[in-house]
Amino acid sequence: MLTPHARLQMTRRGLSKAVIEQVLRQPEQHLPAGGDRVILQSRIPAAEHGQAWLVRVLVDVSRSPAEVVTAYRTSKIRKYWKDTE
């Protein structure tokens, strides 16, 4: 479920519902965000310049069903990507 804030931010940031759903279905990483929130993130190919974006989706898992609080994309993959090795 998407909160009104998440819908607004998706529109503002040019993220489609399909991209968010893809990250929710098959996140490459699942990170704690404090409290009852988690960050699901995946690298998504971008059309421009062949660069990839990192799409991060903040989810409140204490709700039933879980709610997407916000989502954004960033080119700073190295900053947010956590090595699992």
Side-chain angles (χ1 to χ4, degrees):
M1 174 175 225
L2 297 169
T3 63
H5 175 76
R7 289 179 194 278
L8 175 69
Q9 293 305 313
M10 286 168 50
T11 301
R12 193 176 134 259
R13 295 169 172 159
L15 290 169
S16 70
K17 187 174 179 183
V19 167
I20 301 306
E21 288 173 349
Q22 178 183 344
V23 174
L24 292 172
R25 273 193 315 273
Q26 294 180 312
E28 288 184 86
Q29 291 192 333
H30 183 279
L31 306 169
D36 292 324
R37 293 182 173 185
V38 296
I39 296 172
L40 305 178
Q41 61 184 21
S42 293
R43 295 166 290 195
I44 306 292
E48 60 273 357
H49 311 294
Q51 175 183 349
W53 291 102
L54 181 64
V55 176
R56 306 184 87 215
V57 181
L58 181 65
V59 180
D60 185 339
V61 294
S62 70
R63 308 280 177 123
S64 184
E67 287 185 329
V68 173
V69 177
T70 195
Y72 61 95
R73 67 181 183 177
T74 180
S75 61
K76 298 177 182 177
I77 296 172
R78 296 178 96 178
K79 178 178 179 178
Y80 295 108
W81 196 258
K82 304 298 179 205
D83 290 325
T84 57
E85 298 174 22

Enquirer: Looking at Ala6 and Val68, what are the two nearest heavy atoms and their distance?
Expert: CB-O, 3.3 Å
Enquirer: Determine whether Val19 and Val38 fall in the same hydrophobic cluster, where Ile, Leu, Val, Met, Phe, Trp and Tyr are linked whenever their side-chain heavy atoms lie under 4.5 Å apart.
Expert: yes
Enquirer: At their closest point, which heavy atom of Val23 faces which heavy atom of Ser42, and how far apart are they?
Expert: CG2-CB, 4.0 Å
Enquirer: Determine the minimum heavy-atom distance between Tyr80 and Gln29, stating which atoms define it.
Expert: O-OE1, 4.4 Å
Enquirer: To the nearest 0.5 Å, what is the distance between CG on Leu24 and CE on Met1?
Expert: 13.5 Å
Enquirer: Quick one: does Leu2's side chain get under 4.5 Å of Met10's, heavy atoms only?
Expert: yes
Enquirer: Please give me the minimum heavy-atom distance between Ala71 and Arg13, naming the atom from each residue.
Expert: O-NH1, 2.8 Å
Enquirer: A side-chain contact here means heavy atoms from C-beta on lying under 4.5 Å apart; do Thr70 and His5 qualify?
Expert: yes
Enquirer: Out of curiosity, Ile77 CD1 to Gln41 CD, how far, rounded to the nearest 0.5 Å?
Expert: 9.5 Å
Enquirer: Of all heavy-atom pairs between Val69 and Thr3, which one has the smallest distance, and what is that distance?
Expert: O-OG1, 3.4 Å
Enquirer: So, do Leu31 and Arg56 sit near enough that their side-chain heavy atoms are less than 4.5 Å apart?
Expert: yes
Enquirer: Can any side-chain N or O of Arg73 pair as donor or acceptor with the backbone N or O of Leu15 at less than 3.5 Å?
Expert: no
Enquirer: Among pairs that include at least one residue of residues 18-28, which meet side-chain hydrogen bond (donor to acceptor under 3.5 Å, both in side chains), considering only residues two or more places apart or in two chains?
Expert: Glu28-Arg43
